[in-house]
Amino acid sequence: MTTAARPTKLTEAEIEQRAGDLKAWSVEAGKLHRAYRFPNFDEAFGFMSAVALEAKALDHHPEWSNVYDRVVIDLTTHDAGGLTKLDFILAARCEQLAADFGARS
Ligand SMILES: C[C@H](O)[C@H](O)[C@H]1CNC2=NC(N)=NC(=O)C2=N1
């Protein structure tokens with residue numbers, strides 16, 4: 001079995017460049033941060049289930065919490081001690097899936 005190479009920590013300039021495509025996300029203390037609100041709990045949890053499948057496929061996992069119709073997500077790469085391209089890939093997928101599940105914000 002081969003092990004996928006882990007991505008390296010991005011520089012400040014690389015983070016700034018990639019963050020330009022994700023206007024709704026903020027960069028806070030080495031993490032990408034975003035709060036979503038959905039029509040109800042079913043949609044919020046449906047979104048989380050879909051993101052969980054992406055996380056499994058990428059072998060890259062969010063820090064997140066859910067209260068009823070709200071989902072708060074922080075993305076960082078623990079192995080690299082900061083942000084890597086995997087965080088931006090997962091954030092972009094979250095944006096697509098959130099739209100599918102009717103996110104309001
Ligand atoms: C062995 C396995 O690939 C690693 O532990 C992965 C799993 N998922 C991960 N997820 C996140 N967010 N950061 C990591 O460094 C990480 N490492």
Side-chain angles (χ1 to χ4, degrees):
M1 190 182 108
T2 55
T3 307
R6 302 307 296 180
T8 51
K9 187 173 164 178
L10 298 172
T11 65
E12 285 300 320
E14 288 168 333
I15 289 168
E16 223 170 278
Q17 193 179 6
R18 287 174 183 264
D21 298 333
L22 292 167
K23 300 276 185 225
W25 292 73
S26 56
V27 181
E28 293 172 20
K31 297 180 180 183
L32 282 177
H33 177 85
R34 169 85 150 107
Y36 292 107
R37 189 170 184 194
F38 293 89
N40 54 46
F41 175 75
D42 286 3
E43 300 299 328
F45 199 75
F47 165 76
M48 293 179 84
S49 301
V51 172
L53 296 178
E54 291 292 333
K56 183 174 165 59
L58 286 169
D59 189 26
H60 195 66
H61 303 86
E63 298 173 13
W64 56 4
S65 64
N66 160 242
V67 178
Y68 179 45
D69 59 354
R70 294 171 193 270
V71 179
V72 177
I73 304 181
D74 287 286
L75 300 176
T76 192
T77 303
H78 305 102
D79 295 339
L83 291 171
T84 66
K85 66 179 181 184
L86 283 178
D87 298 303
F88 286 90
I89 290 168
L90 189 53
R93 277 304 283 149
C94 285
E95 287 299 285
Q96 294 167 338
L97 290 167
D100 294 346
F101 284 90
R104 296 158 171 203
S105 56

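We count ligands from 1, going down the list as the structure has it; atoms in each ligand are counted the same way.
Among all non-hydrogen protein atoms, the one lying nearest atom 9 (C) of ligand 1 is His61 ND1, 3.7 Å.
Residue contact check for ligand 1: Asp87 places no non-hydrogen atom closer than 4.0 Å to it. The shortest heavy-atom distance from Arg6 to ligand 1 is under 4.0 Å.
Close approach of ligand 1 to Thr76 is summarised as follows: ligand atoms under 4.0 Å from at least one heavy atom of the residue are 11 (C), 12 (N), 13 (N). Under a 4.0 Å criterion applied to the non-hydrogen atoms of Thr77, ligand 1 contributes the atoms 13 (N), 15 (O).
Looking at Arg34 and Glu95, a side-chain N of the basic residue comes within less than 4.0 Å of a carboxylate O on the acidic one, giving a salt bridge. A salt bridge does not link Lys9 with Asp87: every distance from a Lys NZ or Arg NE/NH1/NH2 to an Asp or Glu carboxylate oxygen is 4.0 Å or more.
Of the candidates Asp59, Asp74, Asp79, Leu86, Asp59 brings a heavy atom nearest to atom 2 (C) of ligand 1.
For the pair His78 and ligand 1, the shortest N or O to N or O distance falls below 3.5 Å.
No more than 12 heavy atoms of other residues, nucleotides or ligands sit less than 6.0 Å from atom CD of Glu12. Dense packing is recorded around CD of Glu63, with more than 12 heavy atoms of other residues, nucleotides or ligands lying under 6.0 Å away.
Remark: the backbone N or O of Ala44 is not paired with any side-chain donor or acceptor of Asn40 at under 3.5 angstrom.
Between Phe38 and Tyr36, the ring planes are tilted. Angles from 30° to 60° get that label.
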